[in-house]
Structures are given as structure tokens and as C-alpha cells.
Amino acid sequence: MDGSVRKMLELSRLETGVQALRREEFPLAPLAQERLAAALPADGRLHTEFASDNEYTVNADRALLARALDALLENAVQHTPEGGCITVRIANGMLSVANTGDAIPEHALPRLWEAYYQADPSRSTKGAGLGLSIANTVVYLHGYTCGAENTDAGPKFWFKFA
């Protein structure tokens, strides 16, 4: 419950502008690799792939962007079956987090970014439905766009930063 309250407060601070952006220039790939490594369960049940087609530098709040990445990765870890794979790619001004596993119902895709919304509450054993909303708010505050889609391998979440 403590974690849910912290996330609600964080979302509220972001939405009301209480938390100002502290922009700095930094390379995106090392941050993405760091957050991917931190998100993985220690039991080694998941595989990962990382690729970047360029050395992208962003002008962003590093801590907030890390928080948005954490939310996307936590979501991928939760919904990737044992032995599955999480892939982070940076290409063409977009960072994506994809995972193998079940597709998200098409009717749920537009609502995934809403606070407390869960596409399939019966399958969600962790979380209060705030992580993707926090990620969306962080992305929006930076002037970026985000989205989610199904691929042949499973769901993919992305944000465009350029």
C-alpha cells in the first residue's frame, strides 16, 4: 500500500507541475541499458536484447526519464512469461520496450495510459495501474509522444523523443 500511495503522490506532483523538470543533455542508450539491467529479476528467468542505431543525446530530466523507463520495463517484466524476452531498441528518434507474451486486447490499447486502468485486472497480481500513467505524464512533460501496439511477438510500448 505504501508503494501505491507514493505513486499516487508522484503522479499528482507531475500532473500539477509541482515537480519541475531539471533538463540536462545526456546519452540515452546508457540510461536505457542501466534501467533494463535494474528491472530484470535476479532469477534469470527472462532474456533481454538491446540495440541502438545511433548515439542519441537527449535534453531531458534524467531522473524522470529513468522513472518513465522503469515503468515501461516493470510492465514488460510483469507480462513476460518465463523464458521470454524483453527488447529495448533505440532507433529513428524512438525508444521502444517490447516483450514476448500475450497481445493486449485492441480495445484496451488507447486506455493503457490512464491512471488505475488495467487491461486485464484478473491477470494483474502486482501494481495499482499507475506506472504507465506516470510514464505517459513524464513523456508528455518533455514534449515527447508515446504509444503502445501489438507486434507478432507481443506488446510494444514506445516514446518518440526526436
Side-chain angles (χ1 to χ4, degrees), residues 7-8 10-17 19 21 23 26-36 38-40 46-81 84-121 123-124 126-162:
K7 284 184 178 181
M8 286 187 302
E10 179 182 14
L11 182 58
S12 176
R13 282 192 308 271
L14 290 168
E15 289 178 339
T16 59
Q19 186 168 344
L21 293 179
R23 289 184 179 265
F26 61 90
L28 187 56
L31 176 65
Q33 289 175 305
E34 168 194 309
R35 301 321 310 151
L36 176 59
L40 290 177
L46 301 176
H47 305 285
T48 64
E49 292 179 11
F50 177 86
S52 182
D53 74 346
N54 205 333
E55 291 294 321
Y56 292 101
T57 298
V58 293
N59 185 333
D61 184 314
R62 190 178 198 287
L64 284 179
L65 204 54
R67 180 62 191 101
L69 281 168
D70 287 348
L72 297 180
L73 290 162
E74 287 168 12
N75 186 68
V77 167
Q78 270 186 355
H79 297 286
T80 303
C85 186
I86 297 173
T87 303
V88 175
R89 292 203 193 296
I90 305 173
N92 302 315
M94 180 168 64
L95 183 145
S96 65
V97 175
N99 63 281
T100 55
D102 293 337
I104 298 167
E106 289 297 321
H107 71 275
L109 285 171
R111 297 196 58 205
L112 292 174
W113 308 104
E114 295 175 18
Y116 308 109
Y117 182 78
Q118 295 179 344
D120 186 357
R123 287 185 25 191
S124 184
K126 298 179 183 177
L130 291 171
L132 293 177
S133 183
I134 290 170
N136 180 52
T137 301
V138 168
V139 167
Y140 174 79
L141 287 173
H142 282 86
Y144 304 158
T145 58
C146 62
E149 61 192 71
N150 289 309
T151 69
D152 290 341
K156 177 169 80 171
F157 292 79
W158 53 265
F159 69 87
K160 292 182 183 178
F161 54 88

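What you see is a predicted model; the values in this text were computed from it and never measured. Both backbone and side-chain heavy atoms feed into the values below; hydrogens, waters and symmetry mates do not.
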Just wondering, do N99 and L46 contact through their side chains at under 4.5 Å, heavy atoms? no

Where do F157 and L132 land on the side-chain contact (heavy atoms from CB on, under 4.5 Å) test, with the steps shown first? CA-CA 10 Å; F157 292 79; L132 293 177; 3.8 Å; yes

If you define the side chain from C-beta out and look only at heavy atoms, does anything of L73 sit under 4.5 Å from L36? yes

Do T48 and V88 have side chains that approach each other closer than 4.5 Å (heavy atoms only, starting at C-beta)? no

Distance-minimising heavy-atom pair for C146 and V139: CB-CG1, 3.9 Å

Any side-chain heavy atom of D61 sitting closer than 4.5 Å to one from V138? no

Just so I know, are the side chains of L65 and L28 near enough to count as touching, which here means a heavy-atom distance under 4.5 Å? yes

Determine yes or no for a side-chain-to-main-chain donor-acceptor pair under 3.5 angstrom, with T87 supplying the side chain and E49 the backbone. no

Value for CG (L31) from CG (L95), rounded to nearest 0.5 Å, stands at 9.0 Å

Verdict with supporting geometry, L112 and N136, side-chain contact (heavy atoms from CB on, under 4.5 Å): CA-CA 10 Å; L112 292 174; N136 180 52; over 6 Å; no

Does any part of the side chain of H79, heavy atoms only, come nearer than 4.5 Å to the side chain of D102, both counted from C-beta? no

Mark yes or no for whether Y56, through its side chain, and A91, through its backbone, hold a donor-acceptor pair below 3.5 Å. no

Using the side chain to side chain contact (heavy atoms under 4.5 Å, CB included) definition, which of the options V77, L72, D70 pairs with E74? D70

Relative to the ring of F159, is the ring of Y144 parallel (under 30°), tilted (30 to 60°) or perpendicular (over 60°)? parallel

Calculate, to the nearest 0.5 Å, the distance between atoms CG and CZ belonging to L64 and R23 respectively. 10.0 Å

Would you check if W158 and T145 make a side-chain contact, meaning some heavy-atom pair closer than 4.5 Å? yes

Closest approach of S133 and E114, non-hydrogen atoms and distance? CB-C, 4.0 Å

Are the side chains of R89 and M94 in contact, using a 4.5 Å heavy-atom criterion? no

Taking atom CZ as the centre, does F26 end up with more than 12 heavy-atom neighbours from other residues, nucleotides or ligands that are less than 6.0 angstrom away? yes

Can you measure from CZ (R62) to CZ (R67) and round to the nearest 0.5 angstrom? 15.0 Å

Spacing of CZ belonging to F50 relative to CD1 belonging to I90, to within rounding of 0.5 Å: 4.0 Å

Nearest heavy-atom pair of P155 and I104: which atoms, and what distance? CB-CD1, 3.7 Å

Minimum heavy-atom distance between G131 and A71, given as atom pair plus value: O-CB, 3.2 Å

